[in-house]
> 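Please see the structure below; I have some questions.
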Amino acid sequence: MQNSLTRKPIEIKISTVVAVAILLHEASISVLEAALKEMTSGSPDFFDDEFAVIDVEAIADATVDWNALIPLFKSHGLHPVAVRHAREEDYATVRSHGLSIDVVSKPRLEAEQIAASAPVVVQAPVPAPLPVEPQIIVRNNPAMVIDTPVRAGQRIYARGADLIITASVNNGAEVIADGSIHIYAPLRGRALAGATGNTNARIFALTMEPELVSIAGIYRTFENGFPPLQANHPVQVKLNGDSIEVSSVKLVG
Amino acid sequence: MARIIVVTSGKGGVGKTTSSASFASGLAMRGHKTAVLDFDVGLRNLDLIMGCERRVVYDLVNVISGEATLNQALIKDKHCDNLFILPASQTRDKDALTEDGVEKVLNDLIKMDFEYIVCDSPAGIERGAVMALTFADEAIVVTNPEVSSVRDSDRILGIIQAKSKRAQAGGEPVKEHLLITRYSPKRVEAGEMLSHTDVQEILRIPLIGVIPESEAVLHASNQGNPAIHMKGSDVSDAYGDVVSRFLGQDIPLRFINYEKPGLLQRIFGGK
């Protein structure tokens, strides 16, 4: 293999990886398990083995049973890779599960001050080691815009974003967004908004003839036809408590 | 520059092979050097529709596997001097179609100065269908005016947009045409069939023609003649219109309105 002589056996580069953040408001494993079960409605591929960063800032005082928590997420198709705001005494446990400690970046000035106050040992300059951990950035992505019809068998997922479609979503197609879904054409397929649990997400369409709509895991099908609404008005689907509400979007005034 | 056109539908029995045969014949009748390829390995019937089944010696799979040259396998059409048929294999498995092999055959055809290469796709979304559409420049999506056919056409359009070379290269996409076949204006009028506007509303691609349901198609198939050769029939005229529109002419749709038969027609049983 002549090629391998010129090619490096390993290359390490900085890479931006999209991950979901799991914000814990409760430390009890049984409560979390029930909540996850409800969110995924038993679908094992709901999260599709996504990277996850567990953020325990909200329950900083509680003791977290890491040995139960991490397998719990894995069993629901989430793949925890790091923990944020973990207590220092938990570092060893977290690392023993192969997870990293994600230190939320402090303002630069503060970091420099810490460095300056630390005892300085003078030594020959050593080249800084390359960052090995992929940097995990969780962010609100700009809306995804689709201008072509979404056809039977096609599936579109706007990860961490709203989804805007200017063409029809046909029977047998599936459009999913972590945010809201806006369709400036007929919706005839399946639309799932707030896929990671955003209960404020909505679905809008110029004509609603969906096979299924879902918001934050709560879904509704229309076996007996779609509820009669004022014709020639766009329609919105939102969550009212724990039921799906369908209404016309009317001009005010 | 040669154009590769795939005739596809997803669903079976909607008229892909009938349309491929008539469309390719129509192009050849207008003086264009045309080849029509059967990708339905294992279930070939383009050769039957073209009336050349007794002249098949070598087929597409033989050419791909190097057992025959393209010149040996191409069959000259009995009606048109500049139309050639490359039949599918009856005995081979569809896995014999390799992407490299198909690409080489198509490139060799282009080198032989063919202007239009029509690929008759098998039904379904399996290997044969994907191979037929992979290298297409244009696609004619054959649809019957009923919901399952429309749904399958929608699916195949999605596959064209995902798996064709043009889609993967990210350049100009495959040019899509909608061809509605087995259209019965009478049944549309009675509300038993989707209208061509309904179908177009769902699929949202330009309509290249509407072929009326006709017994002439069955007669043509049985005789081994592409329906476009059934002079004087509405099907022949409709396929002629499709070819004209494909070549850039702007002509109005025909055979889409139901005319109640007059008294004389009812008495003498005109069709």
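Each chain gets a letter, A, B and so on, in the order its sequence line appears, and its residues count up from 1.
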> Is it true that, when you exclude B/Gln168 itself, more than 12 heavy atoms of the residues, nucleotides or ligands shown sit nearer than 6.0 Å to its CD?
yes
> Please indicate whether B/Arg182 has more than 12 foreign heavy atoms, meaning atoms of other residues, nucleotides or ligands, lying under 6.0 Å from its CZ.
no
> Tell me if the CZ atom of A/Phe222 is crowded by more than 12 foreign heavy atoms within 6.0 Å.
yes
> Counting only heavy atoms not in B/Asp95, do more than 12 fall under 6.0 Å of its CG?
yes
> For the CG atom of B/Leu157 and the OG1 atom of A/Thr148, what is their distance to the nearest 0.5 Å?
11.0 Å
> State whether the side chain of A/Asn170 and the backbone N or O of B/Ile202 hold a donor-acceptor pair below 3.5 Å, judged by distance alone.
yes
> When you measure from the side chain of A/Arg151 to the backbone N and O of B/Leu203, does any donor-acceptor pair fall under 3.5 Å?
yes
> Side-chain contact test, heavy atoms from C-beta onward, threshold under 4.5 Å: evaluate it for A/Gln154 versus B/Arg155 and give yes or no.
no
> Determine the minimum heavy-atom distance between B/Arg204 and A/Pro186, stating which atoms define it.
NH2-CD, 3.6 Å
